[in-house]
Number of protein chains: 2
Amino acid sequence: MATIREIAEKAGVSSGTVSFILNGKADKMRISASTQKRVLEVAREMGYLPSISARRLRNEGEKNIPIITLLWTLDARASLVSRFLQGIQNLSLYRDGLFELLIQPYENGKLHEVDSLYTGTRFNGAIITNASNEDMDFLENNKLKVPLVVYLRETKKYSSVTVDGKLTGNMVASYLADKGHKEVGIVIPNISSQAIELRQEGFLNGITEYNLKNTHTLSGDFSEDGGYKTMRALIKQSGELPTALFFLSDPMAIGALSACNEFGLRVPEDIEIIGHDNNEQAPYTYPSLTTVHLPVEEMAIACVHQLMDTINHQIESPVSLQFKTEIIERRSC
Amino acid sequence: MATIREIAEKAGVSSGTVSFILNGKADKMRISASTQKRVLEVAREMGYLPSISARRLRNEGEKNIPIITLLWTLDARASLVSRFLQGIQNLSLYRDGLFELLIQPYENGKLHEVDSLYTGTRFNGAIITNASNEDMDFLENNKLKVPLVVYLRETKKYSSVTVDGKLTGNMVASYLADKGHKEVGIVIPNISSQAIELRQEGFLNGITEYNLKNTHTLSGDFSEDGGYKTMRALIKQSGELPTALFFLSDPMAIGALSACNEFGLRVPEDIEIIGHDNNEQAPYTYPSLTTVHLPVEEMAIACVHQLMDTINHQIESPVSLQFKTEIIERRSC
DNA sequence: TTGTAGGCGTTATCAA
DNA sequence: TTGATAACGCCTACAA
C-alpha cells in the first residue's frame, strides 16, 4: 500500500533512490549497502506493492496494444474454455501480437460485480461467455464503458456470436423421429442459460411437429455426476423408459452412459443417447457419443474479430453472427 | 494509438473536452453537438485506443490490490485449468478480494516470450504451470522482475508446489506387483515435462525393485486421441501384451479404454489400466478408471498462498511444498 | 460551452 | 552517491 515516495520519506532518501534499490539497480548506481538495507527494511515494514498501472504507463511508450478479456465463469464449464482458447491460438491477429488476451474468471450470475465493466480500467474490450439470464439482464440494462461481444447468447444491444438453438433442438427431434423413436426425453442442466432454454424449446416444438411423445423432462447438475445421478434415478424407478434421451450437455451424457453401463442398460439397444457440444471426450466414451457439434473454435475466432473491429471503430452498430450446428453420428444414437 | 491530446489538437479543442465526449459525459457537460461530432470523427480517424494503465492509475486511488497471473499453456492441458480454478474459488483470500486473478495463456516452451516477466508491467506475481524443460531452464537462468511460484516442477530458485513424482511412480509399480502382475508397460505423453520424467523414472526403478518386467515403453500425444492411437497400435501388432499399462495422463488412458472397447480387449480381464491425475471424467469411463489422484485443488490454494506471502514480504527465501498422491481404485485395475 | 491544471506512481535524466 | 524533476495518458474540479 505504501508508495515509493512514502518509503523514501520514511527512510530519509529520495524516491529515485528507492526506485533503484527496489528494482535491483542499486549496485549499478553505487548506492551504499547501508542505504540499501535501510530502504529494503522500510519497504518491507510498510508493505510496498508496486503499482502495475504506474509502471506500465511509464513504459507503455509507443505500443499501446488492446487488451481483450475473456470473462469466463468459475464453475463446471471452466473445462470448456479449452476449446475456445484453441480456436484463438491459431488466429493470426493473436500470433502477430495485435492484442493481448487475458481470461478473467467471474461467478455465474454475478457479472455485475465485475467493476471494470463500468470503470474501463482493466481491458479495452471483453468477450462475455456463459452469461446467465440475470447476467444478460444486467448487460441489457446498464451502460458499460467497454465494448463487448457476447458469446452464445442473443441480444440486440451488443454484437454476438451464436447458433440457432431452436433449430438445433428441432434438428435433434427430427433426427430421432427419422430413427423411428416414439417416446423420447430430454435432460437439462440446472443452470440459468438462454442457450439451454432455446435448445429445449426447439426440441419440444419439434417433438410435437414430428408426432413424438415427450415422456420425460429431467434435470440435474451440469457435470458428469449430474448426468450419472439423473440416469441412475431414471433406471431405478419402475416406469417405462423412453427409447431416446437428449442431453443438453456432453458431460451429463457421459455420466449417463456410465450409469447405463453400470446398471446393465444397453446403449443403443435399450436406450439411445444424444448429447450436445461435441467435447473432446465424446468420441472416446463407451459407446461413443452421438452429439451435436458446437463450432466453438470458429466462434471464438469470430468473437475476437468482432471485438477487435469494434475496438478499432470498424463497426458502428451491433452485429450478430450465427453459426451452424450439426449432428455427429457415433454409436450411442 | 492516438492520445486524447493529439485528438484535441487535431479537432481544435482541449483535451478535457475530448475526454468528456469520449466518455459519454458530453451531454452532462453541455458540449455542442457539432463539437461532439467533430471530435468523435477525429477519434475514429486517428484510431483512438484508451490507455488502460493511465485510466487505472488515475482511478486506483487507495486500493492497490496485487494482481496474480496464472500462466497456463495454450495446449491440450488447457482443460486442466478447470480443477485449478475450482481450488482457488473457495479460497477466502479470493472471496475477500485480496487479490485479482488473471489467466494468461502462453505457448509451451516459449515462456521467455512473456515479456512482462522481465518488465513487471502486467502483474505483481505469477504462478507458472506446465513449464517445459526449456521453460524451466529459462527460469533458472534469468533474473525476473516478478515473484513466482512454480507449480508441479522442482526448482531451488523459486518457491514451488509439487508432489513426489518418483514416489508416485514407485507406488504404482508396487501396486501392480501386489496385484500379481509380472509384465507391465508404461505410456508417456510426448511433451517436455519434468513431472512426467520423474514419474517415469520412479516407475521404472520400482519395476526393478519389485522384480517386474517392463515390456513396453510407449508414447503418444497428450490427448484422448494420442492414447487411442497408441493402444490401437499395440493391439494390432501381434506380440504379447503386458498385463498392465500405466498411463501418465488420464486423457490418454481414456482414449486407450476406448480402443480396448472397440477391439474387444477386455479391461481389466485381458489387460489392466491405471492412469494419472484423477480428472473429472475418470469415474465415468467404462470401465471406471483406476488412477493416481493429483491434489490439484489443494495445490492451487498452496500456490496462491505462497505467492501472496512472497508478494507481501512474508517469505524471504524460496519454499518448496510437497503434496501427496494416492491411488484411487476403480474398475480398470 | 470550453479550457486549464494538478495529480495518480514510477522511472529516466540531469544536476549536485 | 544522492536528490529533484519531468513525463507517461487520463480524468475532473475549477475557472473562464
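By convention in this document, chain letters (A, B, ...) are assigned in the order of the sequence lines, proteins followed by strands, and residues within each chain are numbered from 1.
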Exercise. Hey, which of these two, A:R5 or A:R38, hits DNA chain D nearer its 5' end, going by closest nucleotide?
Worked result: A:R38

For this session: Please list residues of residues 112-125 of chain A whose heavy atoms come under 4.0 Å from any atom in DNA chain D, ordered by number; otherwise none.
Result: none

Exercise. Would you call the rings of A:F99 and A:Y94 parallel, tilted or perpendicular if under 30° counts as parallel and over 60° as perpendicular?
Worked result: tilted

Exercise. Does the distance from a Lys or Arg side-chain N to an Asp or Glu carboxylate O, for A:E316 and B:R44, drop under 4.0 Å?
Worked result: yes

Exercise. Among all residues two or more places apart in sequence or in another chain, which pass the side chain to side chain donor-acceptor pair (under 3.5 Å) test with B:S160?
Worked result: B:S320

Seminar exercise, completed: Taking for A:A54 and for B:V13 the nucleotide of DNA chain C with the nearest heavy atom, the one nearer the 5' end belongs to B:V13

Between protein and nucleic acid, restricted to nucleotides 12-16 of chain D and to nitrogen or oxygen atoms under 3.5 Å apart, what atom pairs and distances do you find?
from   : atom 1 : to    : atom 2 : distance (Å)
D:dT12 : OP2    : B:K25 : NZ     : 3.2
D:dT12 : O4'    : B:R58 : NH2    : 3.2

Exercise. What does A:T35 touch in the nucleic acid at a heavy-atom separation under 4.0 angstrom: a base, only the sugar-phosphate, or nothing?
Worked result: sugar-phosphate

For this session: Not counting sequence neighbours, which residues clear side-chain contact (heavy atoms from CB on, under 4.5 Å) with A:S15? List them please.
Result: A:I4, A:R5, A:A8

Exercise. Start at the 5' end of DNA chain C and walk down; is the nucleotide closest to B:S14 or to A:R55 reached first?
Worked result: B:S14

For this session: Of all the heavy-atom pairs spanning A:L70 and A:T129, show the shortest one and how long it is.
Result: CD1-CG2, 3.8 Å

Exercise. Under 4.0 Å between a Lys/Arg side-chain N and an Asp/Glu carboxylate O for B:E298 and B:R83?
Worked result: no

Problem set entry | Test side-chain contact (heavy atoms from CB on, under 4.5 Å) applied to A:E113 - qualifying residues, sequence neighbours left out | A:K110

Exercise. Does B:S32 place a side-chain N or O at less than 4.0 Å from the phosphate oxygens OP1/OP2 of C:dT2?
Worked result: yes

Quiz: residues 139-151 of chain A side-chain donor-acceptor pairs under 3.5 angstrom, not counting sequence neighbours:
from   : atom 1 : to     : atom 2 : distance (Å)
A:E140 : OE2    : A:T155 : OG1    : 2.9
A:N141 : ND2    : A:D137 : O      : 3.0
A:K145 : NZ     : B:N23  : OD1    : 3.3

